[in-house]
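Computed from a predicted model, the values in this text were never measured in an experiment.
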Amino acid sequence: SASSSSTVQLLPLFILETKDTLPNMPMGTTHTIDNAFILHQSLVSLQNKLKSNYNLDLHVCNSTDNDNDRDDGIVSCLKKVIHSAVLVKDGESKTLDEVIVHTCDLGDADNEIGYGPYQHLKNVQDLIVDNDGDDIQVKIQSWDCFLREEPWKTLSNESTLQQFPDNFAEYEEQYGLKKKHDDGDINAVTKPQTVELKQCKDIQGLTIPSLSAVPSMSEISDMICAANGIDAIHEAKKLETQTNTGLYATHWGGLDKSTMNEDTILNAINIFLGNGDENLTKLDGDEALVDALKWWSKGNSKCKLTRNPKSLEHASMNWIMTGGSDGDIGLSLRSSNDVKTKSLIEGELLMRYLAAPLVFGNISPRCLVQKAEEVSLKKFGLADVFAPNLPSVIKKRNAIKFVKSIAENREWHTLFAAKNLRNQKKLDSNSLSYEYFRWHGFLCRYGIRKLQSESNQQKDEKEGIVLLHGFGAS
């Protein structure tokens, strides 16, 4: 947001740069083209929603290693955007007094991974942008979308840090997650934060025409390659072979990228909760998704899934989803009824579908919980109405519980990672340290300890090393 003496102007901004964030993009080097498709589709969806809901234009600032600027990455991009904003406003004979950059705090682990802007801006103090002799003050203001404030307060206090539980069962108990909370309960899910704007006469959107175009998938792919030292031209075939090699029915594993837009995601969640177009439908869970959307079966025009014939995991999931059929889900199945959800873990299709949207911010964990609460209130606010059909009620409660669990489990791992990282700062350099990465959206932890020889012994140059590898271990 940029302000002058009488006006606050809002400028939604997404920064694509090859120095700070894109080199740390989760799965950017192993699923480059998939990620480019996902990011492009997400930006198009955000652009459309901002325009239709708030009449605001999304702006995308591109920066590459070829840019000559003494500042690195995001800071350099911010200065360019501010200079462009000044030029727009100068045309209206106005000046900028202050610029506030509102950026999301994703939590300690994701900040350490470094794919979000906050990690690269949180230590920027008193940023001044020179505009032909006039200084513009730039402030960084963070916000978050954590489920509740109380656990983070526990971690933020040195005296209570160790009181935070080391397992999910104790976490549930300590913060009363299984209890029904009133709006005033400190452990209930917090409401979305609102941006605080200074008192002014007018609030309006700011448009910079040169930054109003969403980059194409190809342009984004080239930037991801440049950020990671990949020669896109010479390694084109290798990049192509990496597409659709992720977990089956995720957006890295064959699910069409068109399903990344916000409206489609919210519709799928409503269907899963049994709150589809027909209001409180009889079906819910994965069974309802398969019946209503028909994404997971070929043989119809609504299919959104492509199987990789070279993937063992795809073959295994296909076998499970078809009830052991030898037929190829991508070729021979005729209807959505051929997908057997009974063989799947409850909610597995939804969990795989939401893996990418949760990482790329198309939907937040808080939104999942709020949607589940809305449907729960609508369905079970009058329990006696459902008493004659108790088995069905129990089934729908399971769908609601599962949607909440996706958000709660994600929050728990984010909190536990924060505890580990904050404890780690107090340990000496020889202690086991933890680092994190995201694999298909899941937060994964690995430990590192330096090899040391006894101080009174000569180091053996032939000393053996044992490496233990856990697949996606956390």
Side-chain angles (χ1 to χ4, degrees), residues 24-27 104-116 118-119 142-157 160-178 187-190 246-247 250-252 269 345-348 350-372 401-425 427 432-448 469-474:
N24 304 308
M25 187 181 195
M27 302 171 68
C104 185
D105 179 359
L106 298 172
D108 297 47
D110 289 283
N111 289 339
E112 287 290 329
I113 294 171
Y115 64 91
Y118 180 60
Q119 173 68 13
S142 68
W143 58 277
D144 64 68
C145 56
F146 302 137
L147 295 187
R148 50 188 65 82
E149 295 180 0
E150 193 63 21
W152 289 99
K153 289 181 180 178
T154 302
L155 292 176
S156 298
N157 192 321
T160 59
L161 175 63
Q162 302 309 322
Q163 297 175 14
F164 186 82
D166 289 333
N167 61 70
F168 185 72
E170 292 180 5
Y171 170 70
E172 280 188 308
E173 181 67 25
Q174 181 168 327
Y175 295 100
L177 304 190
K178 293 184 178 180
N187 295 323
V189 174
T190 56
L247 288 179
T250 67
H251 291 89
W252 300 282
I269 293 170
I345 299 172
E346 184 178 9
E348 185 159 7
L350 182 70
M351 182 171 62
R352 288 173 179 249
Y353 169 48
L354 292 180
L358 283 168
V359 170
F360 283 81
N362 302 68
I363 191 170
S364 71
R366 184 185 290 163
C367 182
L368 287 179
V369 175
Q370 289 173 339
K371 285 293 179 184
K401 181 180 178 181
F402 181 80
V403 170
K404 289 183 180 180
S405 74
I406 293 178
E408 293 290 2
N409 291 335
R410 183 183 178 89
E411 182 87 348
W412 151 251
H413 281 286
T414 303
L415 284 160
F416 187 57
K419 179 182 180 179
N420 286 330
L421 290 171
R422 295 180 190 192
N423 272 330
Q424 187 170 291
K425 294 178 180 179
L427 301 177
L432 181 67
S433 63
Y434 294 108
E435 294 186 12
Y436 292 83
F437 66 97
R438 282 205 176 271
W439 180 79
H440 286 80
F442 299 102
L443 192 61
C444 303
R445 181 182 72 170
Y446 61 97
I448 301 175
H469 173 247
F471 184 73
S474 65

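- Under the 4.5 Å side-chain criterion, counting only non-hydrogen atoms from C-beta, Y115 is in contact with R438.
- Formation of a donor-acceptor pair under 3.5 Å by the K419 side chain with backbone atoms of F164 is found in this model.
- Note that the CD1 atom of I363 and the CG atom of L358 stand 7.0 Å from one another [nearest 0.5 Å].
- Residues D108 and L155 are not in side-chain contact: their nearest non-hydrogen atoms beyond the backbone lie 4.5 Å or more apart.
- With hydrogens and angles ignored, the 3.5 Å screen pairs no side-chain donor or acceptor of T160 with any backbone N or O of Q163.
- Using a 4.5 Å heavy-atom threshold, the side chains of E112 and E435 count as separate.
- Annotation: side chain of L415 is not in contact with side chain of F146 (no heavy-atom distance under 4.5 Å).
- Distance CG/N24 to CG/D110: 11.5 Å, rounded to 0.5 Å.
- Interatomic distance, H251 NE2 to L354 CG, rounded to the nearest 0.5 Å: 9.0 Å.
- Using a 4.5 Å heavy-atom cutoff, the side chains of I113 and L443 are in contact.
- No hydrogens or angles considered: a donor-acceptor pair under 3.5 Å links the side chains of N423 and Q162.
- Counting heavy atoms from C-beta outward, I269 and Y353 have side chains that stay 4.5 Å or more apart.
- Side chain of H440 to main chain of T250: no donor-acceptor pair is present (N/O by atom type, distance under 3.5 Å, no hydrogens or angles).
- Taking SG of C444 as the reference point, atom NE2 of H413 lies at 9.0 Å (rounded to 0.5 Å).
- In terms of modelled atom types and a separation under 3.5 Å, the side chain of E348 and the main chain of I345 share a donor-acceptor contact.
- Residues P151 and Q174 have side chains not in contact (no heavy-atom distance under 4.5 Å, counting atoms from C-beta outward).
- By the 30° and 60° cut-offs, the orientation of the rings of Y446 relative to F437 is tilted.
- E411 has no carboxylate O lying under 4.0 Å from a charged side-chain N of R366, or vice versa, which leaves the two without a salt bridge.
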| request: Give the intermediate values and the outcome of side-chain contact (heavy atoms from CB on, under 4.5 Å) for residues N111 and Y436. | output: CA-CA 10 Å; N111 289 339; Y436 292 83; over 6 Å; no
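- Aromatic ring pairs are classed by plane angle as parallel below 30°, tilted from 30° to 60° and perpendicular above 60°; the pair F168 and W412 is perpendicular.
- Note: R410 CZ to F442 CZ = 9.0 Å, rounded to the nearest 0.5 Å.
- The closest side-chain heavy-atom distance from D105 to W152 is not below 4.5 Å.
- The two residues P26 and V359 make their nearest non-hydrogen contact at CG-CG1, 4.4 Å.
- To the nearest 0.5 angstrom, W252 atom CH2 is 10.0 Å from W439 atom CH2.
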